Amino acid sequence: MVKFERPRGTRDFTPEEMHKRNYVKKIVCGVFESHGYREIMVPTFEHTELFEVKSGSDIRKHMYVFTDKGGRSLCLRPEATASVCRMFLDELRSRQPPLKLYYCCPMFRYDEPQKGRYREFWQIGVELIGSRTSESDAEVILLASESLKKLGLKFRLELNHLGVIRSLLSDLSEDSQNEILTSIDKKDYYKIKSILSDREDTLLKLIALEGNGRKAADEARELLKGREKALNALSELEAVLKWLDSTGTEYTIKFGVARGLEYYTGMVFEIRVEGLGAQNQICGGGRYDNLISVFGGADTPAVGFAFGFDRVVEAMESQGVSFPDYRVDVVVAPASEDMGKESWKIASDLRQRLSGRIVELDVMGRKLAKVLEYASNIKAKYVVIVGATELKDRKIVLRNMESREQSTVLIDELAGKLT
Ligand code: AMP
């Protein structure tokens with residue numbers, strides 16, 4: 001006999017896990033929607049070039065690329081920002097800005113699987129297209145931090161502006177700049193030094209600067225004296241901080257945040273949590289004002305982020321955040337075989353009247369004692385026992401599974417008795 005195993009880096013999710021994941025998704029998407037963001041969906045696979053252009057060497061290395069029967073090179077999406085920009089150009093470019101979009105879907109990266117790192121993983125992300133203001137930067141940061149607060153997670157928000165680093169490297173080619181940014185992202189200081197051959201001491205001092213609140217920005221201003229471009233980028237970052245301060249959002253400025261993706265042009269941010277070990281980054285994002293024009297569109301500014309959804313759920317578990325219980329409200333049990341049809345009707349009627357509550361009907365044809373045992377095992381709140389004697393008077397027996405009390409109740413009054 002053949003025994004099949006899941007492909008490496010993929011997971012199955014049990015009903016209990018899906019209950020938690022759906023709860024997290026509902027809270028996060030609720031925060032997005034309360035700010036006017038609307039859900040979109042993009043294809044699971046795209047033409048490979050879409051992700052080759054600007055995704056960054058790390059993502060390019062880990063893409064799931066295949067050739068279809070028509071000989072086209074396709075790729076399972078490793079991230080969604082490139083797809084959203086492509087979609088914007090195909091479907092949404094004529095709409096009045098800003099476009100406030102969000103998505104929740106699986107991504108695929110041929111990465112080395114470990115705790116918190118999978119080959120199929122989910123991201124919930126936001127893209128705000130069409131605005132260049134510091135409010136829009138601050139709004140997407142706020143969406144991320146409000147979502148995590150609402151979930152009850154403790155986290156650390158780290159901010160930077162890539163314009164500061166890039167302005168120190170402006171005499172290098174874009175490829176070399178990207179190589180340095182990737183090395184900063186990976187904390188590969190040896191590589192940075194080898195590319196810069198020790199000529200740029202300021203950069204190394206800069207990326208070491210970090211701290212809660214604005215202090216690190218003041219230190220950077222001192223360090224970057226006389227470098228106009230770098231100071232302008234710093235001022236843009238400070239404009240974002242002003243909005244965050246006005247909502248009491250706590251942040252850390254960290255000039256070593258570089259992000260692994262090449263399309264970022266301005267403010268960037270990452271969110272980290274305790275309790276996840278090495279894979280503790282649960283969110284990453286920033287401003288990418290050139291990507292849409294690289295894809296052939298007009299000059300269109302944009303900013304966004306993605307939560308690593310799996311890591312958010314895992315962080316909640318490891319931080320001991322509680323999830324709502326799943327509880328079946330009612331199990332409807334025919335007392336004898338001939339009560340099946342009536343039980344079916346009573347269960348349907350209850351579902352209509354008690355919208356949003358869970359009403360299960362026994363579908364196993366079991367004896368009543370077995371149904372009661374099942375209801376007790378799944379911790380159902382009530383069992384409705386449908387028996388011939390009571391039914392003659394349009395009644396059923398209602399059993400409260402916690403108190404074990406039973407009473408005879410008119411079918412018409414049943415919905416009102418289920419608290
Ligand atoms: P990125 O698109 O690389 O900026 O990633 C955004 C977020 O997705 C990260 O902060 C992680 O939380 C999550 N993430 C990235 N790669 C993986 C992976 N292989 N498995 C699980 N989560 C991931």
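Since this is a predicted model, take the numbers as computed values, not measurements. Atoms within each ligand, like the ligands themselves, are counted from 1 in listed order.
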Original post:
Is any side-chain heavy atom of Val24 closer than 4.5 Å to a side-chain heavy atom of Met316?
Top reply: yes
**OP:** Consider only side-chain N and O atoms of Arg72 and Thr48, and report whether a donor and an acceptor are under 3.5 Å apart.
**Re:** no
Subject >> Validation row: Met267, Glu236 side chains within 4.5 angstrom (heavy atoms) >> reply: no
Original post:
Are a donor atom and an acceptor atom from the side chains of Glu33 and Tyr102 found within less than 3.5 Å of each other?
Top reply: yes
**OP:** Among all protein heavy atoms, pick the one closest to atom 14 (N) of ligand 1 and tell me residue, atom and distance.
**Re:** Phe121 CE1, 3.6 Å
Subject >> Stacked cation flag Arg21 on Phe13, 6.0 angstrom / 45 deg >> reply: yes
**OP:** Answer side chain, backbone, both or neither: which part of Arg259 comes under 4.0 Å from ligand 1, heavy atoms only.
**Re:** side chain
Subject >> Over-ring placement of Arg366 relative to Tyr374, 6.0 Å and 45° cut-offs >> reply: yes
Original post:
Looking only at N/O atoms, are Gln123 and ligand 1 under 3.5 Å apart anywhere?
Top reply: yes
Original post:
Without hydrogens or angle criteria, can the side chains of Asn290 and Tyr264 be said to hold a donor-acceptor pair below 3.5 Å?
Top reply: no
Original post:
In the protein, what heavy atom is nearest to atom 13 (C) of ligand 1, and what distance, to one decimal place, separates them?
Top reply: Gly308 CA, 3.5 Å
Original post:
Polar-atom distance check: Tyr118 versus ligand 1, any N or O pair below 3.5 Å?
Top reply: yes
Original post:
With distance as the sole test, does Arg351 use its side chain to make a donor-acceptor pair with the main-chain N or O of Val359 at under 3.5 Å?
Top reply: yes
Original post:
Does Arg119 come within less than 4.0 angstrom of ligand 1, counting non-hydrogen atoms of the residue?
Top reply: no
Original post:
Do any N/O atoms on Gln281 end up under 3.5 angstrom from N/O atoms on ligand 1?
Top reply: yes
Original post:
For ligand 1, which part of Asp111 has a heavy atom less than 4.0 Å away: the side chain, the backbone, both, or neither?
Top reply: side chain
Original post:
Does an N or O from Arg109, backbone or side chain, lie closer than 3.5 Å to an N or O of ligand 1?
Top reply: yes
**OP:** Classify the side-chain pair Tyr37/Glu139 by whether it contains a donor and acceptor separated by less than 3.5 Å.
**Re:** yes
Subject >> Min heavy-atom dist Ile282 to ligand 1 below 4.0 Å >> reply: yes
Original post:
Side chain, backbone, both or neither: which part of Arg117 has a heavy atom under 4.0 Å from ligand 1?
Top reply: both
Original post:
By number and element, which atoms of ligand 1 are closer than 4.0 Å to a non-hydrogen atom of Cys283?
Top reply: 10 (O)
Subject >> Which of the ligand 1 atoms, numbered from 1, are nearer than 4.0 Å to a heavy atom of Gly116 >> reply: 20 (N), 21 (C), 22 (N)
